[in-house]
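Right, one structure below, let's go through it.
Only heavy atoms go into these numbers, but all of them, side chains included; no hydrogens, no water, no symmetry mates. Both ligands and their constituent atoms are indexed starting at 1 by order of listing.
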Amino acid sequence: MAPKNASKMVVVESLADLRAALSAQVGDWGFVPTMGALHAGHASLVERACSENPNVLASVFVNPTQFNDPRDLEKYPRTREADIALLRNHGVTVAWFPRHEELYADTFRYQVSENLLSHELCGKFRPGHFTGMLTVVLKLIQAARPTRVYFGEKDYQQLELVRGMLKAFFVPTELCACPIFRDEAGLALSSRNARLSQTGISTARAFARELAHPEHTLQSLRTSLETLDLSIDYLEDHDKRRYGAVNIEGIRLIDNRPLSTHHESQKESKL
Ligand code: AMP
């Protein structure tokens, strides 16, 4: 059965068209910001938004200010027609492809920076990334003024930074955290996976498996990952969660898992 909004989805680009499309509907709006190359992980956020709101907005914008590496930006997959089809099939009300010149009419003179968590984990390896991300998320949310916004736990550090920003700036939009969507082998779906070879996918799955292994210490995890064809950016535990970032075939992948009770009791016994 086609979802309720399947045939009606509106595709907009300009802020004027976005405002007209938003004001054409009554009731709450759920908002799912993305960078496109959409997959089942994004679809899980859209489905949740559709189940909790009468209207759903999804944006697709490859935000240049959050790419510290210009080659990474250039190679980021762009699949506009397939993205439109996925959003339409999942019942999205409005698909928004923002225009760079409108979002960045200030030429990035104004920025949102955070001074603590943004320097940890991915922040150490991607200078400026979180400033670009927070700035564009605030712009998108202020332009759309949704009731709820949906972020994936896949990018857990991003989720926590957005949570803090919304609180710090009294933004009334409710933040909804969505679980990580994984393939049958436990690999977190990512737009970047599309750039891996079959061998690279196997390595990425081994990384996901080792990160989830309940008995690994950080040291034993590192030792087992060193046998694989990848380079490690970081492996760290914070607030009962294990975070990892690796590079496989030049593609940077991140993942995280809640620490098991086994890890917690190991830590306690060391105190
Ligand atoms: P991106 O297009 O990578 O910027 O992701 C857009 C949103 O989808 C972010 O909130 C991500 O955390 C979320 N997301 C991406 N992949 C997954 C996944 N495998 N499971 C859950 N959420 C995801």
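At a heavy-atom cutoff of 4.0 Å, ligand 1 is surrounded by P33, T34, M35, H39, G41, H42, L45, Y76, F151, G152, K154, D155, Q158, P179, I180, F181, L189.
Looking at V46 and T34, their side chains never come closer than 4.5 Å, going by heavy atoms from C-beta outward.
Remark: T173 pairs with I141, P146, V149, V171 by the side-chain contact (heavy atoms from CB on, under 4.5 Å) rule, at least two apart or across chains. Evaluation of the side-chain contact (heavy atoms from CB on, under 4.5 Å) rule for A245 yields D233, Y234, R252, I254 as partners, not counting sequence neighbours.
At least one test fails for R48 against the ring of Y150: distance under 6.0 Å to the centre or angle within 45° of the axis.
A distance of 12.0 Å separates CG in L121 from OH in Y156, rounded to the nearest 0.5 Å.
Residue M35 is found in a hydrophobic cluster whose other members, listed by chain and number, are V62, F67, L73, Y76; membership requires side-chain heavy atoms under 4.5 Å apart, directly or through intermediates.
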